[in-house]
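What follows is a single structure, written as structure tokens, with notes after it.
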Number of protein chains: 2
Amino acid sequence: MRELGSSQPTAVELEILRILWDLGPSTVREVHLRLCEGKETNYSTTVKMLAVMLGKELVKRDDSVRPLVYRAAMTRDRAAKTFLSDLIEKIYDGSAMTLALQALAKGKASKEEIEEARRLLDEMEDKQ
Amino acid sequence: MRELGSSQPTAVELEILRILWDLGPSTVREVHLRLCEGKETNYSTTVKMLAVMLGKELVKRDDSVRPLVYRAAMTRDRAAKTFLSDLIEKIYDGSAMTLALQALAKGKASKEEIEEARRLLDEMEDKQ
DNA sequence: TTGCAATAGAGAAGCCTTTCGCTACAATGC
DNA sequence: GCATTGTAGCGAAAGGCTTCTCTATTGCAA
């Protein structure tokens, strides 16, 4: 059931990953401060979560500096791709397009993004 | 953290939902047989899972027939929308388009689907 | 160097999910 | 009617996630 690094992140883990994506490489303290904006939590809990995530290879750590610096083990886009594939597989049995349409229908996109999407569609058509 | 019916399904729960979407309203036995194709599991476990899911309102049950018949409490598309929003929120902080592009990039779509996507893009552009 | 505050880690408790074993009930065939 | 098979439910065990408390270590400043 696990397949990302070695594990799919849980809810809190994902929250921490997002913080690392936003902030870039960060100390426990920095992650913790952000985490606390959303919800009360203990500093030690953040330490532990990062330790657990290190074990699962969801994050990497630079031991050469003090305080230790953590960073996400994979990029946001890479994670999105993984979760998306997972979702597509689980819900639609592999039909990416169905899901893409749902996402498109959610609306709100810049002109550039719309153009980018059109380009992709053209490419797909050519390939057929 | 829960917000679908009253709960987000876990991995096994989702697997069962998918079976119900594929099969339509089904008895425990029918669900169980399908579930077993993928992995060894006890009949009692399936019964329990469905009971738990009934409690979470992920499935509904027709008590008027024997054996009891279960069906998914929400449609596949409805579920996809919910999970997708969740994913978008969690990974991209609300940018649906970024995710849609990822899904599109996964490729494999029929001419009809591509046309449908183009229509959506046109609509979105008009709205701006 | 000594003391203080911040940082790091270990271990265990609490909760939820998933699984199982046991028991009871319903339906079917003899 | 009675035995056999399939169906339903309960309670608890196993395992994982998340959190805590307590302890050790580090870095800085007086």
Side-chain angles (χ1 to χ4, degrees), chain A residues 1-20 23 25-71 90, chain B residues 1-20 23 25-71 83 86 90:
Chain A
M1 184 120 320
R2 326 245 105 194
E3 73 230 22
L4 181 90
S6 62
S7 304
Q8 286 249 42
T10 64
V12 180
E13 287 168 356
L14 196 50
E15 215 172 320
I16 291 179
L17 274 184
R18 245 195 54 185
I19 291 172
L20 288 175
L23 257 46
S26 311
T27 64
V28 176
R29 173 71 41 190
E30 287 162 342
V31 171
H32 180 62
L33 282 174
R34 266 290 189 98
L35 205 53
C36 276
E37 287 172 16
K39 58 169 182 176
E40 293 274 316
T41 185
N42 216 304
Y43 176 82
S44 302
T45 302
T46 308
V47 172
K48 182 64 161 189
M49 285 312 306
L50 282 166
V52 169
M53 290 171 76
L54 187 65
K56 292 184 184 173
E57 296 183 61
L58 287 169
V59 298
K60 302 195 173 181
R61 188 173 71 181
D62 184 352
D63 288 337
S64 70
V65 293
R66 233 86 217 294
L68 308 180
V69 167
Y70 290 85
R71 64 189 171 80
K90 279 195 279 205
Chain B
M1 184 122 325
R2 327 248 104 194
E3 72 231 22
L4 180 89
S6 62
S7 305
Q8 287 249 40
T10 63
V12 181
E13 286 168 357
L14 196 51
E15 214 171 321
I16 291 179
L17 275 183
R18 246 195 55 185
I19 291 172
L20 288 174
L23 257 46
S26 312
T27 64
V28 176
R29 174 70 42 189
E30 287 161 343
V31 171
H32 180 63
L33 283 174
R34 267 288 189 101
L35 205 54
C36 278
E37 288 173 16
K39 59 170 183 175
E40 293 275 316
T41 187
N42 216 305
Y43 177 83
S44 303
T45 303
T46 308
V47 172
K48 181 63 161 189
M49 286 311 305
L50 282 166
V52 170
M53 291 172 76
L54 188 65
K56 292 183 183 174
E57 295 181 62
L58 286 169
V59 298
K60 302 195 175 182
R61 189 173 71 182
D62 183 352
D63 289 337
S64 69
V65 292
R66 234 84 216 295
L68 307 180
V69 167
Y70 291 84
R71 62 188 171 83
F83 301 151
D86 228 61
K90 278 194 279 202

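Between A:Arg71 and A:Asp62 there is no side-chain heavy-atom pair separated by less than 4.5 Å. Using a 4.5 Å heavy-atom threshold, the side chains of B:Arg61 and B:Leu50 count as separate.
Side-chain N/O atoms of A:Thr45 include one lying less than 4.0 angstrom from OP1 or OP2 on D:dC20. B:Tyr43 has a side-chain polar atom (N or O) that falls below the 4.0 Å cut-off from OP1 or OP2 of D:dA8. Residue B:Arg29 has a polar side-chain atom (N or O) positioned under 4.0 Å from OP1 or OP2 of D:dT7.
One can place CG of A:Asp63 at 16 Å from P of C:dT7, the figure rounded to the nearest angstrom. Put simply, NE2 on A:His32 is 10 Å from P on C:dT7, counting in whole angstrom units. The separation between A:Asp62 atom CG and C:dT7 atom P is 16 Å, rounded to whole Å. In this entry the distance linking CE of A:Met53 with C1' of C:dA8 reads 17 Å, nearest Å. One can place CG of A:Asn42 at 16 Å from P of C:dG14, the figure rounded to the nearest angstrom. Note: CG (B:Leu14) to C1' (C:dT17) measures 14 Å, nearest angstrom. Atom P of nucleotide D:dC10 and atom CG of B:Leu50 are separated by 14 Å, given to the nearest angstrom. Rounded to a whole Å, the CD atom of B:Glu30 is 9 Å from the P atom of D:dT7.
Closest to the side chain of B:Pro67, from the set D:dT18, D:dA8, C:dA8, is D:dA8. When the nucleotides C:dG9, C:dT19, D:dA8 are ranked by their closest atom to the side chain of B:Val12, C:dT19 comes out on top. Minimum atom distance to the side chain of A:Thr41 is reached by D:dC20, of the listed C:dT19, D:dC20, C:dA8.
Where A:Val69 and A:Lys48 meet DNA chain C, the nucleotide closest to each residue was compared, and A:Val69 sits on the side nearer the 5' end. The 5' end of DNA chain D is approached more closely, in terms of each residue's nearest nucleotide, by A:Glu40 than by the other of A:Glu40 and A:Arg66.
Nearest heavy-atom pair across A:Cys36 and A:Thr41 is SG-O, 3.7 Å.
Remark: B:Ile16 CD1 to B:Thr10 OG1 distance equals 8.0 Å, nearest 0.5 Å. Atom CG of A:Leu33 and atom OH of A:Tyr43 lie 9.5 Å apart (nearest 0.5 Å).
At the heavy-atom level, A:Val28 lies under 4.0 Å from the strands shown only through sugar-phosphate atoms.
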